[in-house]
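What follows is a short report on a single structure.
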2 protein chains.
Amino acid sequence: MYATDFRMTHQRRLILEELKKVKTHPTADEIYVIVRKTMPRISLGTVYRNLEILSAMGLIIKIEGFGNQRRFDGNTNKHYHIRCIKCGKIDDLPEDAITNIEVDHNKIKGYSIYNHEIQLSGICEQCHNAK
Amino acid sequence: MYATDFRMTHQRRLILEELKKVKTHPTADEIYVIVRKTMPRISLGTVYRNLEILSAMGLIIKIEGFGNQRRFDGNTNKHYHIRCIKCGKIDDLPEDAITNIEVDHNKIKGYSIYNHEIQLSGICEQCHNAK
DNA sequence: TTATTATTAGTAAAAGTTATCATTACTAAT
DNA sequence: ATTAGTAATGATAACTTTTACTAATAATAA
């Protein structure tokens, strides 16, 4: 038999490692810029493909809730995000910022529930001061 | 002085009314198909522009959290959504499905908070039966 | 009415993502 | 080691979704 598993290629590992390093929540093209410093001939398609695969593997998180550009997060611990509606920056929320949330699965008829996301939006300190 | 306000054009009113009629959460191009039945010469750009304006006016809701296509909701009462990860369908959650959520604004330093969204994902009844 | 200007239709362009395909490189069995 | 099989890559084209542009039109206040 031959492997049907994912292969950990140099490109895939680099993308994963760079994403784990940063505390921001970069887009695919921002990651493309970062990894090209180490691997100048990597293609944008490879970045997109691997970000999808890595998130399917559960090694990174895909953030789709803000704006129309996908973002990625190397931190796979369960946490929520807040985005500044002025500058678009995304920050992590502290773990204890949202508490007591209760989801009554019986109230949601027909669905088996897999996940929930919470996204806050507001204005960050910099943008508040800038105005 | 002349008006700096929004004008309620036929196009804008039609888009609003059709969106209020449906219980689904259509994309811009789905709304385009609907309104062309009444107003065949309306342009897709007009649909996009008015959906933005109507949501800025607070008359409709823009849903950005699911997938990479924007959706719109004529129901402006505060409510949450669930999406089927198989077929992509979006349903409203009953009001009492999520309770007790507490957001501690003091824990989120620097931000003034404007809004929060919650998005569940799961598998709907039809897709569950289909498998 | 008339003057002003927001809005429109039509179209082009931009932005973001996915698909295609010949080539490369990883993996497992010989 | 060598080979066979196949997942992954780089390069690029194509596609989808959204935004921008512009001359013409239409809504509104005076």
Side-chain angles (χ1 to χ4, degrees), chain A residues 1-19 25-57 59-72 83 85 87-88 90, chain B residues 1-19 25-57 59-72 83 88 90:
Chain A
M1 277 300 276
Y2 291 91
T4 56
D5 259 343
F6 295 111
R7 296 177 181 170
M8 187 50 73
T9 60
H10 296 141
Q11 289 86 343
R12 188 163 298 163
R13 175 173 293 114
L14 178 62
I15 290 166
L16 178 59
E17 284 173 354
E18 294 296 339
L19 190 54
H25 305 77
T27 59
D29 57 287
E30 286 168 351
I31 295 163
Y32 180 51
V33 171
I34 293 171
V35 296
R36 264 195 303 176
K37 290 173 187 166
T38 309
M39 199 178 277
R41 301 191 62 75
I42 196 170
S43 105
L44 180 58
T46 297
V47 174
Y48 268 101
R49 192 173 349 94
N50 279 305
L51 288 169
E52 278 306 311
I53 290 171
L54 288 167
S55 88
M57 293 169 84
L59 299 177
I60 66 173
I61 302 280
K62 177 164 56 165
I63 306 173
E64 293 191 297
F66 293 116
N68 46 14
Q69 195 166 10
R70 201 171 294 166
R71 292 180 171 276
F72 296 89
R83 185 176 75 141
I85 57 177
C87 68
I90 292 183
Chain B
M1 278 298 275
Y2 291 89
T4 56
D5 258 343
F6 296 111
R7 296 176 180 172
M8 187 48 73
T9 60
H10 295 141
Q11 289 88 342
R12 188 164 297 163
R13 174 174 294 115
L14 178 63
I15 290 166
L16 177 59
E17 284 173 355
E18 293 297 337
L19 189 54
H25 305 76
T27 59
D29 57 287
E30 286 169 350
I31 294 164
Y32 180 50
V33 170
I34 293 171
V35 295
R36 265 195 303 176
K37 291 172 185 165
T38 309
M39 199 177 276
R41 301 190 65 75
I42 196 171
S43 103
L44 180 58
T46 297
V47 173
Y48 269 100
R49 192 170 352 90
N50 279 304
L51 287 169
E52 278 306 311
I53 289 170
L54 288 168
S55 89
M57 295 169 83
L59 298 177
I60 66 172
I61 302 279
K62 177 164 55 166
I63 306 174
E64 294 191 297
F66 293 116
N68 47 13
Q69 196 167 9
R70 202 169 294 165
R71 292 181 172 274
F72 296 88
R83 185 175 77 142
I90 293 182

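We name chains A, B, ... by the order of the sequence lines, and we start the count at 1 in each one.
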Worksheet entry | d(CG, A/Leu51; P, D/dA8) in whole Å | 14 Å
Worksheet item: In chain order, what residues pass the salt bridge (charged side-chain N to carboxylate O under 4.0 Å, His left out) check against A/Arg70, with sequence neighbours excluded?
Response: A/Glu52, A/Glu64
Practice prompt. Report the distance from atom CD1 of B/Ile53 to atom C1' of D/dA27, rounded to the nearest whole Å.
Written response: 14 Å
Worksheet entry | Spacing between B/Met8 atom CE and D/dA26 atom C1', to the nearest angstrom | 15 Å
Item to complete: Select one nucleotide: of C/dT7, C/dT17, D/dA8, the one nearest the side-chain heavy atoms of A/Gln69.
Response: C/dT17
Worksheet item: Could you state the interatomic distance from CD1 (B/Ile31) to CD1 (B/Ile42), rounded to the nearest 0.5 Å?
Response: 10.5 Å
Worksheet entry | Length of the CD-P vector between A/Glu30 and C/dA15, whole Å | 14 Å
Practice prompt. List in numerical order all residues of residues 33-50 of chain B for which some heavy atom is under 4.0 Å away from an atom belonging to DNA chain D.
Written response: B/Leu44, B/Tyr48
Worksheet item: Would you say the base of C/dT5 and the side-chain of B/Arg7 have a donor-acceptor pair closer than 3.5 Å?
Response: yes
Worksheet item: Which residue lies toward the 5' end of DNA chain D, B/Thr27 or B/Gln11, if each is placed at its nearest nucleotide?
Response: B/Thr27
Discussion item. Whole angstroms only, please: what is the NZ-C1' distance between A/Lys62 and C/dG16?
Written reply: 14 Å
Worksheet item: In Å and rounded to the nearest 0.5 Å, what is the CG to CD1 distance from A/Leu51 to A/Ile60?
Response: 5.0 Å
Item to complete: Would you work out how much the helix from C/dT1-D/dA30 to C/dT30-D/dA1 bends between its ends, with each end axis defined by five base pairs, to 10 degrees?
Response: 40°
Item to complete: Give the rounded distance in Å between these two atoms: CG of B/Asp29 and P of D/dT16.
Response: 11 Å
Item to complete: Please test B/His25 against B/Ile61 for side-chain contact (heavy atoms from CB on, under 4.5 Å), starting from the C-alpha separation and ending with a verdict.
Response: CA-CA 10 Å; B/His25 305 76; B/Ile61 302 279; over 6 Å; no
Practice prompt. For side-chain contact (heavy atoms from CB on, under 4.5 Å), just list the numbers for B/Leu19 and B/Leu54, CA-CA rounded to whole Å, side-chain angles, deciding distance to a tenth of an Å, and then say yes or no.
Written response: CA-CA 11 Å; B/Leu19 189 54; B/Leu54 288 168; over 6 Å; no
Worksheet item: CD/B/Glu17 to CD1/B/Ile34 distance, rounded to the nearest 0.5 angstrom?
Response: 13.0 Å
Worksheet item: Which listed nucleotide (D/dA8, C/dT17, C/dA6) is nearest to the side chain of A/Phe6?
Response: D/dA8
Worksheet entry | Interatomic distance, B/Arg71 CZ vs D/dT18 C1' [rounded to whole Å] | 15 Å
Worksheet entry | Interatomic distance where CD1 belongs to B/Ile15 and P belongs to C/dT8 [whole Å] | 7 Å
Discussion item. So, OP1 or OP2 of C/dT7: does either fall under 4.0 Å of a side-chain N or O from B/Arg12?
Written reply: yes
Worksheet item: Hey, does the side chain of B/His10 come within less than 4.0 Å of C/dT8's phosphate (OP1/OP2), counting only N and O?
Response: no
Worksheet entry | Closest contact, heavy atoms only, A/Thr27 versus A/Glu30 | N-OE1, 2.9 Å
Worksheet item: Counting N and O atoms only, with roles assigned by atom type, does the side chain of B/Arg71 sit under 3.5 Å from a partner on the main chain of B/Ile63, one being a donor and the other an acceptor?
Response: no
Discussion item. Set out, in order, the CA-CA distance, both residues' side-chain angles and the distance that settles side-chain contact (heavy atoms from CB on, under 4.5 Å) for A/Lys62 and A/Phe72, then state yes or no.
Written reply: CA-CA 5 Å; A/Lys62 177 164 56 165; A/Phe72 296 89; 4.0 Å; yes
